[in-house]
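One-based numbering along the sequence shown.
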Amino acid sequence: MAALLLLLPLLLLLPLLLKLDLWPQLRWLPADLAFTVRALRCKRALRARALAAAAADPESPESGCSLAWRLAYLAREQPTHTFLIHGAQRFSYADAERESNRIARAFLHARGCTGDRRGSGRGSTEEGARVAPPAGDAAAGGTTAPPLAPGATVALLLPAGPDFLWIWFGLAKAGLRTAFVPTALRRGPLLHCLRSCGASALVLATEFLESLEPDLPALRAMGLHLWATGPETNLAGISNLLSEAADQVDEPVPGYLSAPQNIMDTCLYIFTSGTTGLPKAARISHLKVLQCQGFYHLCGVHQEDVIYLALPLYHMSGSLLGIVGCLGIGATVVLKPKFSASQFWEDCQKHRVTVFQYIGELCRYLVNQPPSKAECDHKVRLAVGSGLRPDTWERFLRRFGPLQILETYGMTEGNVATFNYTGRQGAVGRASWLYKHIFPFSLIRYDVMTGEPIRNAQGHCMATSPGEPGLLVAPVSQQSPFLGYAGAPELAKDKLLKDVFWSGDIFFNTGDLLVCDEQGFLHFHDRTGDTFRWKGENVATTEVAEVLETLDFLQEVNIYGVMVPGHEGRAGMAALALRPPQALNLVRLYSHVSENLPPYARPRFLRLQESLATTETFKQQKVRMANEGFDPNVLSDPLYVLDQDIGAYLPLTPARYSALLSGDLRI
């Protein structure tokens, strides 16, 4: 019915649209319409699930938060269906329900709650409920911390695995908030994260205990409940959570304990990468978790699919999109603790994987692997993710196809997402009026020099024209809210724009520049912080990288801007990794950039490395590389500088470096 309602006005307007020469966009109308119908059905299904949970018996597990009632439903409807494959272990949906119930009851014990209904539910103290053991009792984590309060935050410092999932689900069922802490954090950054989200407890993997030992005095001083996920600890004040959970029954937990008072309430904290400072704890609402149940449905994934997930669970892509998205369709997920390009296709073949989720440079690692038999005999039909560069996209399809790539765009704390459901290479989504009717957003003109949107005489922002880079913004509303970050309100001040198109309106600022082409396809242009100015012109790092990546002797390229004494703006620098067994050809490289890039966009410096540094979510390190600069007296990597007078890249020796600083070497 929804399809007919949308199709009828389009048919009536068809003669006018053809007369206005809108065929470039009309040719994609069937795909736009099909996705719109799928999105409307998905929204309707999620709404029906939420209403059913609200109407359920409060004592029933299917009346709690979305994680609780969805898992309880799947455990009842398809108890033997495999939910999780982890190494040689397999867990059904019934197994997941039982394991998380035990964890939930262990945390309820720490809350001093029996689970008998005497109060008003989540966020309030159960009237007459049993109080937790006195301070120092092992059930409270073996610390002097007070009992966990309803809605308290428990931080997880765990690798990707079954324990992470059972504890996360169990915390949700017990009416407690979870904070996903990046596993590499220690010392100051770790303590900052725990303080910023207001953590009352920390659950850590026993394998991290040795590296965390210097932090334990500070953790104890914070009054945290401390649990480990195993018995291999003799450290005072740290209890074995899994042992405590094993003593609990695996019966369902009453839903009222986790039912949110408001769907906008925060239920989870996910930390942003903190590339320009310490990580920020993004607030994730119950609404967002519910919406993420529809992710794989929107991607065309089904219950029968097997999804391969090798992303960190403390990242939104791994937890909310990968795990919650899998729960949304009741499929099977193969969880790999750490991505391995050499084992990928063998894993896919072994587990009959049909869908895998990527991020950042993951696909590039695969195409750079030597050929294997497994890559020719697989069942993968769909790759879903974000951050796939156009050159890798083409190579990936040519080598591993036929399969579909569905590139998406989104942010942990954002209120906008895009889907390239057409498979158009290089695009991150569509900007059709149908799509924007369901997921509204705009591209507005942006001044790279001032770091602010360009406004007209009335003080309002202006939409971009096709082909013009613009700042992606989305209206903030009840349906697409922005909750900000835990801590001071100033943390979110740069994320909101006011009076964008009308006085009083509020839009979320993604900080990303995108381009919409003549056919309505969206292309990622650059991060506002990555684009730099040189010789009075804007340089987009992605565009320069795409040009250099076409050289056959380069395997990886990272473009960033560096400050040069005596020069305004930033000069382009390229970190390069060679494709074995090729050698660096400086003559070809100079000729190539001269032919394909305007003078201001040509990299002034080159840095040759064995491999390029990435974050744990496979994103290139730009800020760190820019801060390291180009001083040959400091860096051990081979460095080169563009000599404008000679027209060639030359080794950047200490003598040339001094000449550059004195102004004798022109760049």
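Salt bridge status for Asp505 with Lys498: absent, with no side-chain N to carboxylate O gap under 4.0 Å. Electrostatic pairing of Lys173 and Glu97 counts as a salt bridge here, judged by a charged N lying under 4.0 Å from a carboxylate O. For Glu99 and Arg102, the salt-bridge test passes: some basic side-chain N is under 4.0 Å from an acidic carboxylate O. The pair Arg381-Asp305 counts as a salt bridge, with a side-chain nitrogen and a carboxylate oxygen less than 4.0 angstrom apart. A salt bridge is defined here as a Lys NZ or Arg NE, NH1 or NH2 lying under 4.0 Å from an Asp or Glu carboxylate O, and Asp347 with Lys350 fails to meet this definition.
To the nearest 0.5 Å, atom CD of residue Glu207 and atom OG1 of residue Thr183 are 9.0 Å apart. Rounding to the nearest 0.5 angstrom, the gap separating the SG atom in Cys65 from the CG atom in Asp265 is 11.5 Å. Atoms CZ and OG, from Phe419 and Ser386 in turn, are 11.0 Å apart once rounded to the nearest 0.5 Å. The distance from atom NE2 of His437 to atom CG of Leu40, rounded to the nearest 0.5 Å, is 7.5 Å. Atom-to-atom distance recorded for Leu74:CG and Phe83:CZ is 9.0 Å, nearest 0.5 angstrom. The CD1 atom of Ile405 sits 6.0 Å away from atom CG of Leu403, with the distance rounded to the nearest 0.5 Å.
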TODO: Check step by step if side chain to side chain donor-acceptor pair (under 3.5 Å) holds for Lys43 and Gln291.
DONE: CA-CA 8 Å; Lys43 280 193 170 186; Gln291 290 171 334; over 6 Å; no
TODO: With side chain to side chain donor-acceptor pair (under 3.5 Å) as the test, would you mind laying out the steps for Tyr308 and Gln357 before giving the verdict?
DONE: CA-CA 6 Å; Tyr308 190 88; Gln357 193 175 335; over 6 Å; no
Task: Derivation and outcome, side chain to side chain contact (heavy atoms under 4.5 Å, CB included), residues Thr82 and Val306 - done: CA-CA 10 Å; Thr82 301; Val306 179; over 6 Å; no
Task: Residue pair Arg283, Tyr485: steps toward the side chain to side chain donor-acceptor pair (under 3.5 Å) verdict - done: CA-CA 5 Å; Arg283 296 180 182 273; Tyr485 310 95; over 6 Å; no
- [ ] Please test Phe164 against Phe180 for ring pair (Phe, Tyr, Trp, His ring centres under 6.0 Å), starting from the C-alpha separation and ending with a verdict.
- [x] CA-CA 10 Å; Phe164 188 111; Phe180 297 159; 5.0 Å; yes
TODO: Kindly indicate, with the supporting measurements, whether the criterion side chain to side chain contact (heavy atoms under 4.5 Å, CB included) is fulfilled by Val324 and Leu67.
DONE: CA-CA 8 Å; Val324 176; Leu67 275 180; 4.1 Å; yes
TODO: For Gln425 and Glu407, run side chain to side chain donor-acceptor pair (under 3.5 Å): C-alpha distance rounded to whole Å, both residues' side-chain angles, the deciding distance at 0.1 Å, then the answer.
DONE: CA-CA 9 Å; Gln425 289 189 24; Glu407 175 81 356; over 6 Å; no
TODO: For ring pair (Phe, Tyr, Trp, His ring centres under 6.0 Å), just list the numbers for Phe441 and Phe507, CA-CA rounded to whole Å, side-chain angles, deciding distance to a tenth of an Å, and then say yes or no.
DONE: CA-CA 9 Å; Phe441 66 87; Phe507 278 64; over 10 Å; no
- [ ] List the steps and the verdict of side chain to side chain contact (heavy atoms under 4.5 Å, CB included) for Leu366 and Phe344.
- [x] CA-CA 8 Å; Leu366 292 176; Phe344 177 82; 3.6 Å; yes
TODO: Decide yes or no on side chain to side chain contact (heavy atoms under 4.5 Å, CB included) for Val380 and Trp345, but give the supporting numbers first.
DONE: CA-CA 9 Å; Val380 176; Trp345 291 112; 3.9 Å; yes
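Applying the ring pair (Phe, Tyr, Trp, His ring centres under 6.0 Å) rule to Tyr296 yields no partners; only residues at least two apart in sequence or on another chain are considered. Residues meeting the salt bridge (Lys or Arg N to Asp or Glu O under 4.0 Å) test with Arg364, sequence neighbours left out: Glu361, Asp391, Glu549.
Side-chain contact, Ser477 with Ser480: a donor N or O sits under 3.5 Å from an acceptor N or O.
Ring pair Tyr421/Trp28: centre-to-centre distance not below 6.0 Å.
Around atom CD of Gln478, no more than 12 heavy atoms belonging to other residues, nucleotides or ligands sit under 6.0 Å away. More than 12 heavy atoms of other residues, nucleotides or ligands shown are found within 6.0 angstrom of CZ on Phe91.
Using a 4.5 Å heavy-atom threshold, the side chains of Gln293 and Leu46 count as touching. Looking at heavy atoms from C-beta onward, Tyr93 lies out of side-chain contact with Thr80 at the 4.5 angstrom threshold. Side-chain atoms of Asn415 and Val476, non-hydrogen and from C-beta on, do get closer than 4.5 Å to each other. Within the 4.5 Å cutoff, side-chain heavy atoms of Cys299 are placed close to those of Val301. Considering only heavy atoms from C-beta on, Gln303 comes within 4.5 Å of His81 through its side chain. Contact check for Ile85 versus Thr332: side-chain heavy atoms found under the 4.5 Å cut-off.
Counting all heavy atoms, side chain and backbone alike, Thr229 lies closest to Ala205 at OG1-CA, 3.5 Å. Looking at every heavy atom in both residues, Thr392 comes nearest to Cys363 through CG2-C, 3.8 Å. His86 and Gly161 get closest at one heavy-atom pair: NE2-CA, 3.8 Å. Smallest separation of non-hydrogen atoms from Ala199 and Leu224: O-CD2, 3.1 Å. Minimum interatomic distance between Thr153 and Ala179 (heavy atoms only, all atoms of both residues): CG2-CB, 3.9 Å. Taking each heavy atom of Tyr358 and Leu406 in turn, the nearest pair found is OH-O, 3.9 Å.
The aromatic rings of Phe482 and Phe508 sit tilted, their planes meeting at an angle between 30° and 60°.
Counting only distance, with no hydrogens or angles, the side chain of Ser63 and the backbone of Pro58 share a donor-acceptor pair below 3.5 Å. For the pair Lys288 (side chain) and Gly414 (backbone), a donor-acceptor distance under 3.5 Å is present. The backbone N or O of Gly511 lies less than 3.5 Å from a partner atom in the side chain of Thr528, making a donor-acceptor pair.
Across Ser66, Pro260, Ser319, a single residue satisfies side chain to side chain contact (heavy atoms under 4.5 Å, CB included) together with Val289, and that is Ser66. Checking Thr510, Leu522, Asn420 one by one against Tyr409, the side chain to side chain contact (heavy atoms under 4.5 Å, CB included) holds for a single residue, Thr510. Each of Leu268, Val203, Leu148, Leu156 was scored for a side chain to side chain contact (heavy atoms under 4.5 Å, CB included) with Leu171, with one residue passing: Leu156. For the pairing with Leu514, the side chain to side chain contact (heavy atoms under 4.5 Å, CB included) check across Asp526, Leu471, Leu443 returns one residue only, Leu443.
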